[in-house]
J.: 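Before I ask anything, let me first share the structure, which is written out below as structure tokens.
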Amino acid sequence: MSTLKAVRGTRDLLPPETELWNRVERTAREVFSRYNFGEIRTPIFEDTSLFARGVGEETDIVSKEMYTWEDRARAQSEKAQSLTLRPENTAGVVRAYIEHKLGEAGLLQKLYYIGPQFRRERPQKGRYRQFWQIGAEVIGPTSAGSESPLRDAEVLEMLASFLDELGISGWRLEINSVGSALDRPRYVAALREALAPVKHLMCEDNQRRAETNPLRVLDSKDPNDQELINNLPKIADYLDEDSKAHFAAVLAALDACGVPYHVNPRLVRGLDYYTRTTFEFTHGGLGAQNALLGGGRYDGLSENIGGPKAPGIGFAMGEDRLILTLQAQAEQQATLADYYIAPLAAELNPAALELARELRRKGLRIEVGDGSFRLKKSFEVANKLAKKIILLGEDEASTGVLTVKDFATAEQTKVARAELA
RNA sequence: GCGGCUAUAGUUCAGCGGCAGAACGCCGGUUUGUGGCACCGGAUGUCGCGGGUUCGAUCCCCGCUAGCCGCCCCA
């Protein structure tokens with residue numbers, strides 16, 4: 001095969017599908033702006049160490065899924081800089097927050113982004129090497145209230161509203177608390193201790209996880225190990241009083257606004273920076289990739305990458321997966337143009353274009369045919385592309401009264417061109 | 001990164017060691033200022049790429065690439 005193709009894991013988005021993408025993005029912008037979020041756009045590549053320090057050296061994302069290269073050294077004496085296509089956007093947003101000293105404003109920063117991310121994984125339905133995320137972060141100094149459980153609940157309520165407004169039905173919110181930066185190591189130690197005598201009874205994957213990342217044992221799907229897992233210590237029992245109160249306050253606020261949720265004590269997430277609240281919105285029908293979006297609180301992230309204390313909470317949605325879900329729910333119909341203008345002779349093409357210009361200026365969606373087409377062909381094409389056809393013959397051009405046929409009703413009328421709408 | 005399934009027309013797919021098939025779509029006609037419906041006719045193509053076996057390979061074998069499913073992980 002010598003013909004060039006989009007590289008593995010990347011793809012072209014074409015009309016009419018792009019219409020759906022635009023609708024998703026437009027809805028996100030509208031909903032987020034009602035919560036007073038502003039848009040941030042960060043570079044698509046960053047210094048590699050941002051992700052190593054921010055996301056976590058030991059995470060799968062950083063250890064094996066990044067697109068990293070050595071940039072050319074700027075001078076002989078200089079070492080080449082290691083750059084990486086961003087595998088997620090939170091680290092970049094927090095880097096920008098630190099770099100521009102946004103915390104000095106003393107206010108909460110509420111930022112959203114829409115853009116491509118890159119991970120080198122094996123492609124599958126709903127999983128691509130270039131994929132799109134819509135995400136948002138609420139971050140700021142503690143004095144601005146960035147640590148308040150109200151912020152967690154507001155973000156979750158916003159997400160529920162967004163999914164509802166978009167028309168995604170059947171989503172499920174799972175929520176958990178993984179504790180503070182102090183709670184977590186205590187729990188992991190307890191988990192290791194509890195796993196030691198029983199791990200040899202578990203599947204190979206879990207035996208490995210018990211060593212490398214005991215938290216991951218919790219979301220194992222292996223049916224034979226479920227009973228053993230259910231008997232392991234619960235994170236809830238290792239939360240300190242502050243973390244417990246925080247989690248209870250988040251749930252109480254969700255109850256107050258009527259957002260349905262399921263507490264899932266086994267929900268752990270893969271990025272190192274999460275503290276306290278973690279959550280996922282899932283949807284059936286996405287196969288193994290059932291997470292529509294995921295997120296959580298990251299109270300220590302800013303300090304991890306050398307910034308001031310700036311607790312925050314955020315999420316990332318898989319836009320590709322939102323689109324797949326919407327497409328599965330209802331086959332997206334191509335949107336039809338309002339009018340198809342059919343000039344009846346090639347000499348009338350300029351007049352047709354001029355008429356199109358007039359109608360487009362009124363905000364109408366117009367397709368222009370070609371006078372060299374036979375009328376039958378014009379009708380066939382028009383019927384596929386537009387709601388109505390405008391016949392532009394000698395009579396119509398000279399009198400300014402157009403012949404308009406509506407495909408839905410098969411009704412044909414004469415309309416003065418000024419009255420077209 | 002690991003395991004499995006798949007790759008034939010624009011699309012969805014059938015097929016067989018010996019001339020490349022169907023449906024839908026497309027093009028033309030029945031209808032030269034009237035579409036959809038119907039009928040008649042037509043064209044679909046490096047059978048993913050490379051190699052091997054064979055008189056002969058789209059078919060069998062090997063490699064590669066890509067997609068899908070599962071795992072890992074995540075959005």
Side-chain angles (χ1 to χ4, degrees), chain A residues 1-11 55-56 58-65 86-90 114-135 159 203-206 208-209 212-213 215-216 219-222 267-271 274 278-283 286-295 314-325 340 342-345 348 369 371 373-396 402-412:
Chain A
M1 168 99 45
S2 61
T3 51
L4 287 166
K5 300 176 9 178
V7 306
R8 186 161 160 85
T10 71
R11 59 202 181 124
V55 178
E58 298 309 313
T59 59
D60 278 40
I61 290 177
V62 171
S63 63
K64 57 184 202 197
E65 296 173 0
R86 62 186 187 196
E88 58 97 59
N89 218 331
T90 299
I114 299 176
Q117 319 292 336
F118 305 85
R119 292 182 203 171
R120 198 179 184 291
E121 292 183 276
R122 183 125 162 194
Q124 233 170 287
K125 186 177 178 184
R127 180 159 75 201
Y128 309 98
R129 291 182 167 184
Q130 173 173 340
F131 59 102
W132 291 72
Q133 284 189 333
I134 301 176
L159 284 166
C203 70
E204 233 175 89
D205 276 341
N206 280 334
R208 181 178 46 75
R209 289 163 169 158
T212 60
N213 192 348
L215 285 175
R216 295 239 73 95
D219 59 5
S220 163
K221 289 152 204 148
D222 190 305
L267 177 71
V268 294
R269 297 186 48 73
L271 281 53
Y274 286 120
T278 59
F279 57 87
E280 243 170 48
F281 282 71
T282 60
H283 197 278
L286 277 171
Q289 282 68 243
N290 68 346
L292 275 178
L293 69 93
F315 62 86
M317 290 191 273
E319 191 174 0
D320 306 78
R321 294 181 185 177
L322 283 178
I323 301 281
L324 281 173
T325 305
Y340 179 98
L344 299 185
L348 292 165
F373 290 174
R374 295 184 355 274
L375 188 60
K376 176 187 169 73
K377 180 177 167 106
S378 291
F379 263 83
E380 286 173 353
V381 174
N383 191 42
K384 286 173 192 161
L385 295 178
K387 297 172 192 157
K388 299 174 185 177
I389 185 170
I390 295 174
L391 300 189
L392 184 63
E394 292 294 347
D395 292 356
E396 288 88 352
L402 303 168
T403 304
V404 178
K405 186 161 185 178
D406 185 323
F407 287 117
T409 63
E411 200 176 323
Q412 188 162 313

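Protein chains get the first letters and strands the later ones, always in sequence-line order, with residue 1 at the start of each. Since we're looking at a predicted model, the values are computed, not measured.
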J.: So what's C55(B) paired with, Watson-Crick or G-U wobble, going by both distances under 3.5 Å?
T.: G18(B)

J.: In the structure shown, which nucleotide is the Watson-Crick or G-U wobble counterpart of U31(B), with both distances under 3.5 Å?
T.: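 WC or wobble partner does not exist here.
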
J.: Are Thr403(A) and Gln412(A) close enough that a side-chain donor and a side-chain acceptor fall under 3.5 Å?
T.: no

J.: Would you mind telling me which residue lines up with the more 5' stretch of RNA chain B, Gly9(A) or Gly295(A), judged by nearest nucleotide?
T.: Gly9(A)

J.: What nucleotide among G36(B), C73(B), C26(B) has an atom nearest to a side-chain atom of Arg216(A)?
T.: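 Closest of the options to the side chain of Arg216(A): C73(B).
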
J.: So which nucleotide does G63(B) pair with, by the Watson-Crick or G-U wobble rule with both distances under 3.5 Å?
T.: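 Base-paired to C49(B).
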
J.: Give me the distance, rounded to whole Å, that separates C40(B) from C55(B) when you measure between the C1' atoms they each carry.
T.: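 Rounded to whole Å, the distance is 44 Å.
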
J.: Does G10(B) have a Watson-Crick or wobble mate here (both distances under 3.5 Å), and if so which one?
T.: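 WC or wobble partner is C24(B).
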
J.: Once you apply the 3.5 Å cut-off to both distances, tell me the Watson-Crick or G-U wobble partner of C72(B), or none.
T.: none

J.: Taking the side chain as every heavy atom from C-beta outward, state whether Asp320(A) and Leu324(A) have any atom pair closer than 4.5 Å.
T.: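 Not touching, per the 4.5 Å side-chain cut-off.
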
J.: How far, in whole Å, is G21(B) from A14(B) if one measures between their C1' atoms?
T.: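 It works out to 7 Å between them.
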
J.: Under 3.5 Å, is there any donor-acceptor pair linking the side chain of Glu396(A) to the base of G33(B)?
T.: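 Under the 3.5 Å cut-off, the side chain and the base do form a donor-acceptor pair.
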
J.: Would you tell me if any nitrogen or oxygen in the side chain of Arg11(A) comes within less than 4.0 Å of OP1 or OP2 on A66(B)?
T.: no

J.: If you measure from the Lys or Arg side-chain nitrogens to the Asp or Glu carboxylate oxygens, is any gap between Glu380(A) and Lys376(A) under 4.0 Å?
T.: yes

J.: Please measure how far the P atom in C19(B) lies from the corresponding atom in C24(B), and state the result in whole Å.
T.: 26 Å

J.: The side chain of Asn290(A) is closest to which nucleotide in this list: G33(B), C74(B), C72(B)?
T.: C74(B)

J.: Rounded to whole angstrom, note down the P distance from C59(B) over to C16(B).
T.: 13 Å

J.: Is it the case that Arg11(A) places NZ or CZ above or below the six-membered ring of Tyr128(A), under 6.0 angstrom from the centre and within 45 degrees of the axis?
T.: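 Yes.
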
J.: Does Arg122(A) contact G70(B) through a side-chain donor or acceptor facing the base, at a distance under 3.5 Å?
T.: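 A donor-acceptor contact between them is absent.
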
J.: Relative to the 5' end of RNA chain B, which residue comes earlier, Ala6(A) or Arg119(A), by the nucleotide with the nearest heavy atom?
T.: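 Whichever sits nearer the 5' end wins; that is Ala6(A).
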
J.: Say we look at G48(B) and U30(B): how far apart would their C1' atoms be, to the nearest angstrom?
T.: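 Result for the C1' pair: 41 Å, nearest Å.
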
J.: Looking only at atom C1', what distance separates C47(B) and U6(B), rounded to whole Å?
T.: 14 Å

J.: In whole Å, what separates the P atom of G18(B) from that of C61(B)?
T.: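 Looking at atom P only, G18(B) and C61(B) are 16 Å apart.
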
J.: Tell whether Arg321(A) reaches the base of C74(B) with its side chain through a donor-acceptor pair below 3.5 angstrom.
T.: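 Yes, a donor-acceptor pair under 3.5 Å.
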
J.: With rounding to whole Å, what would you report as the distance between U58(B) and G15(B) at their C1' atoms?
T.: 10 Å

J.: Once hydrogens and angles are ignored, does a donor-acceptor distance under 3.5 Å link the base of U34(B) to the side chain of Lys376(A)?
T.: no

J.: Reckon Gln124(A) has a side-chain N or O less than 4.0 Å from the OP1 or OP2 of G67(B)?
T.: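 No, because none of the side-chain N or O atoms of Gln124(A) sits under 4.0 Å from OP1 or OP2 of G67(B).
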
J.: Strictly below 4.0 Å: does Arg127(A) bring a side-chain N or O up to OP1 or OP2 of G67(B)?
T.: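 It does not, given that no N or O in the side chain of Arg127(A) lies less than 4.0 Å from OP1 or OP2 of G67(B).
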
